[in-house]
Amino acid sequence: MNIKRMFTMLFFLSMVLFFNNVHADRFQFLDKEGDFYAAYSDVYINGELKGRTDKYGRIIIRLSPGEYECKVVFRGEHKSLPLQFDGNPEIKTIKLN
């Protein structure tokens with residue numbers, strides 16, 4: 001494989017990966033005092049498991065803009081709250097009450 005073809009393939013692969021999350025919402029969940037990350041917590045949107053937060057309580061979710069009911073299972077407790085999805089790539093910090 002020549003160098004030019006390899007760079008072209010690498011470019012297209014990076015574009016696919018970039019655009020895959022470009023309209024995704026990013027959230028970071030904290031405990032109710034804001035002192036601890038809600039690390040490795042399951043996140044449900046409208047009753048469907050969408051993923052698990054990382055060690056910093058962060059998760060990326062792709063949904064159409066609008067408000068959705070969210071449930072986060074943090075330290076065995078189920079925390080429900082409405083989440084607004086708008087496609088903004090900025091991290092939205094959420095305290096779990």
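None of these values were measured; they are calculated from a predicted model. Throughout, residue positions are numbered sequentially from 1 according to the sequence presented.
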Atom [atom1] in [X], atom [atom2] in [Y]: separation rounded to 0.5 Å?
{"X": "Ile94", "Y": "Leu30", "atom1": "CD1", "atom2": "CG", "answer": "9.0 Å"}
{"X": "Ile61", "Y": "Leu83", "atom1": "CD1", "atom2": "CG", "answer": "7.0 Å"}
{"X": "Leu96", "Y": "Phe74", "atom1": "CG", "atom2": "CZ", "answer": "7.0 Å"}
{"X": "Asp54", "Y": "Phe29", "atom1": "CG", "atom2": "CZ", "answer": "11.5 Å"}

Inspect the surroundings of NZ in Lys32 and state if more than 12 heavy atoms from other residues, nucleotides or ligands are less than 6.0 Å away.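 No - once you tally the heavy atoms of other residues, nucleotides and ligands closer than 6.0 Å, there are 12 at most.
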Return yes when atom CD of Glu67 has more than 12 non-hydrogen atoms of other residues, nucleotides or ligands closer than 6.0 Å, and no otherwise.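 It does: Glu67 CD has more than 12 such atoms within range.
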Is a donor on one side and an acceptor on the other found under 3.5 Å between the side chain of Arg62 and the backbone of Ile60?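 No.
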Minimum heavy-atom separation for [X] and [Y], please, with both atom names.
{"X": "Lys95", "Y": "Glu33", "value": "NZ-O, 4.0 Å"}
{"X": "Tyr56", "Y": "Gln28", "value": "O-NE2, 2.9 Å"}
{"X": "Lys92", "Y": "Gln84", "value": "CE-O, 4.0 Å"}
{"X": "Ile59", "Y": "Gly51", "value": "CD1-C, 3.7 Å"}

Would you tabulate the side-chain donor-acceptor contacts of residues 39-46 under 3.5 Å, counting partners in other chains and residues two or more places apart, or write 'none'?
from: Ser41; atom 1: OG; to: Ala38; atom 2: O; distance (Å): 3.1
from: Ser41; atom 1: OG; to: Val73; atom 2: O; distance (Å): 3.4
from: Asp42; atom 1: OD1; to: Arg52; atom 2: NE; distance (Å): 3.0
from: Asp42; atom 1: OD1; to: Arg52; atom 2: NH2; distance (Å): 3.1
from: Asn46; atom 1: OD1; to: Glu69; atom 2: N; distance (Å): 3.1

Counterpart residues, salt bridge (Lys or Arg N to Asp or Glu O under 4.0 Å), relative to Glu48 (two or more places apart):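 Listed in chain order: Lys50.
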For side-chain contact (heavy atoms from CB on, under 4.5 Å), just list the numbers for Phe27 and Ile91, CA-CA rounded to whole Å, side-chain angles, deciding distance to a tenth of an Å, and then say yes or no. CA-CA 5 Å; Phe27 298 95; Ile91 292 178; over 6 Å; no
Residues which pass side-chain hydrogen bond (donor to acceptor under 3.5 Å, both in side chains) with Glu77, listed by chain and number, not counting sequence neighbours: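 Only Lys79 meet the side-chain hydrogen bond (donor to acceptor under 3.5 Å, both in side chains) criterion with Glu77.
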